[in-house]
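The residues of the chain are indexed from 1 along the displayed sequence. As a basis for the values below, the full set of heavy atoms in this structure was taken, side chains included, without hydrogen atoms, waters or symmetry mates.
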Amino acid sequence: MPGPLQGFTVVTLALNVPGPVAAASLRDDGARVVKVEPPAGDPLSWMAPAWYAELHRDVDVRTLHLKTPEGLTELLNVLADADVLLTSFRPSALGRLGLGPDMLSAHYPRLCRVQVVGDSRAPEEPGHDLTYQVMAGLVDPAAPVMPRTLLADMLGSREAYAAALALLLGRERGSAERVRVVGLGDAARFAALPFTVGLTAGGGVLSGAQDIYRLYRTADGWVAAAPLEARFAQRWAEVIGPDAVATIATRPTAHWLAVARANDLPVVELAAKPSS
């Protein structure tokens, strides 16, 4: 079946992770996607070649030097038929390229623009996923380790995808809104809310302080157990007993996984390789 965005054209100038992931989501919903890359290419192409190839499947990738009159003219010609423009430049950089808000609004009044920036509170300040996670409190200063994922980038990509959909739907229904700003720092702060409000902070219900939501060492590894709801918590207490830490440490991981399956309990192994 054709996707719901069939007939719409998305032009993206956004590099690295958030832009390509958002554009791929729009492509998967049927949009035609034109990606404009600088002569040096997208850094993602050498950082994660296979992922880059997947994200750019069926994407019309064009190399343009936007700082030249010829490159900018070609981009402006492409925008004439576009429905969405996705960018990841600082506002001042867009202005220097000749893609400021006044020009785009005047010449492309139907163009929906999703602007991915570092942080909506300070869009000119430099930063990347790591700095935004640190600022949001998602890296423990007492025992700092590198994040296992690009949380701000990935969540920001979903925000950009949703912003494009909202702008297109609004335009089709007569709304005058054409621009939404997506901040990666904002995305990190949003993801950090459970910690900020105390839910996952030290002593919180979901912090690992309670038996019904924590990690357990087994005789040969670790499991994660989350029998949070009352029916699961009751069954957990009946099966495991009053001292879950001591009990689980006596048997290997495979034993507890079998017990969990037999009793319909949410327990999984902490494996080196995540399940697909």
Side-chain angles (χ1 to χ4, degrees), residues 1-38 41-42 44 52-66 69-91 93-117 120 123 153-184 186-187:
M1 295 292 291
L5 297 183
Q6 186 176 39
F8 291 97
T9 295
V10 176
V11 175
T12 175
L13 312 182
L15 309 178
N16 295 314
V17 173
V21 173
S25 297
L26 295 167
R27 171 207 64 194
D28 291 344
D29 274 338
R32 170 178 174 255
V33 177
V34 179
K35 167 83 172 295
V36 173
E37 294 187 359
D42 188 332
L44 188 62
Y52 172 89
E54 169 56 27
L55 292 175
H56 292 79
R57 174 178 45 83
D58 297 327
V59 172
D60 180 1
V61 179
R62 305 184 187 185
T63 300
L64 298 179
H65 195 330
L66 298 182
E70 297 79 11
L72 181 59
T73 296
E74 185 170 345
L75 171 62
L76 296 180
N77 289 335
V78 173
L79 289 179
D81 297 319
D83 297 284
V84 176
L85 173 62
L86 177 62
T87 62
S88 59
F89 291 84
R90 303 184 204 187
L94 283 175
R96 288 193 297 272
L97 289 174
L99 300 172
D102 293 341
M103 189 284 288
L104 290 173
S105 296
H107 290 85
Y108 306 98
R110 284 181 52 80
L111 182 65
C112 299
R113 310 195 307 270
V114 178
Q115 300 175 345
V116 178
V117 299
S120 67
D153 283 356
M154 294 303 292
L155 183 55
S157 77
R158 304 308 289 172
E159 294 287 343
Y161 166 68
L165 297 181
L167 288 170
L168 286 172
L169 179 61
R171 189 189 71 178
E172 298 305 298
R173 292 184 170 183
S175 170
E177 183 185 12
R178 293 290 182 271
V179 182
R180 287 201 174 184
V181 176
V182 173
L184 301 180
D186 305 68

J.: Report yes or no: does Tyr108 contribute a side-chain atom to a donor-acceptor pair with the main-chain N or O of Leu76 at less than 3.5 Å?
T.: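 A pair under 3.5 Å: yes.
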
J.: Determine whether more than 12 heavy atoms belonging to other residues, nucleotides or ligands lie under 6.0 Å from atom CZ of Arg173.
T.: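 Not buried by this count: 12 neighbours or fewer within 6.0 Å.
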
J.: What closest approach, in Å, do Arg90 and Pro123 show between heavy atoms, and which atom pair accounts for it?
T.: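 Nearest pair, atom of Arg90 first, then Pro123: CG-O, 3.8 Å.
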
J.: For the atom pair CZ (Arg178) and CG (Leu104), what is the distance rounded to the nearest 0.5 Å?
T.: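 Arg178 CZ to Leu104 CG: 13.0 Å, rounded to 0.5 Å.
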
J.: Which atom pair, heavy atoms only, marks the closest approach of Leu55 to Leu44?
T.: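 Heavy atoms of Leu55 and Leu44 come nearest at CD1-CD2, 3.9 Å.
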
J.: I'd like to know if the side chain of Thr12 reaches the main chain of Ala14, judged simply by a donor and an acceptor atom lying under 3.5 Å from each other, with no hydrogens or angles considered.
T.: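 Yes.
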
J.: Look at Asp60 together with Arg27 and state whether they make a salt bridge at an N to O cut-off of under 4.0 Å.
T.: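 Salt bridge absent between Asp60 and Arg27.
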
J.: Taking all non-hydrogen atoms of both residues, which atom of Ser25 and which atom of Arg158 are closest, and how far apart?
T.: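 Result for this residue pair: OG-NH1, 2.8 Å.
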
J.: Once you round to the nearest 0.5 Å, how far does CG of Leu15 lie from OG1 of Thr87?
T.: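 Going from the CG atom of Leu15 to the OG1 atom of Thr87 covers 10.5 Å.
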
J.: Any donor-acceptor pair under 3.5 Å linking the side chain of Asp83 with the backbone of Thr9?
T.: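 It does hold such a pair.
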
J.: Nearest 0.5 Å, please: how far is CG in Leu66 from CZ in Arg96?
T.: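 Reported to 0.5 Å precision, the distance equals 13.0 Å.
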
J.: I need the single residue from Leu85, Leu86, Val116, Leu97 that forms a side chain to side chain contact (heavy atoms under 4.5 Å, CB included) with Leu13. Which is it?
T.: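 Of Leu85, Leu86, Val116, Leu97, side chain to side chain contact (heavy atoms under 4.5 Å, CB included) with Leu13 is met by Leu85 alone.
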
J.: Please round to the nearest 0.5 Å and tell me the distance separating atom CG of Asp186 and atom CD of Glu159.
T.: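 Output value for this atom pair is 8.5 Å.
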
J.: How long is the span from the CG atom in Leu75 to the NE2 atom in His65, to the nearest 0.5 Å?
T.: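 So the CG of Leu75 and the NE2 of His65 are separated by 13.5 Å.
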
J.: Which heavy-atom pair separates Ser157 from Ala22 by the least distance, and what is that distance?
T.: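 So the two residues come closest at O-CB, 3.4 Å.
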
J.: So does Val34 get a backbone contact from the side chain of Arg62, meaning a donor-acceptor N/O pair under 3.5 Å?
T.: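 It does not hold such a pair.
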
J.: Which atom names give the shortest non-hydrogen contact between Leu168 and Leu5, and what distance separates them?
T.: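 Here Leu168 and Leu5 meet closest at CD1-CD2, 4.2 Å.
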
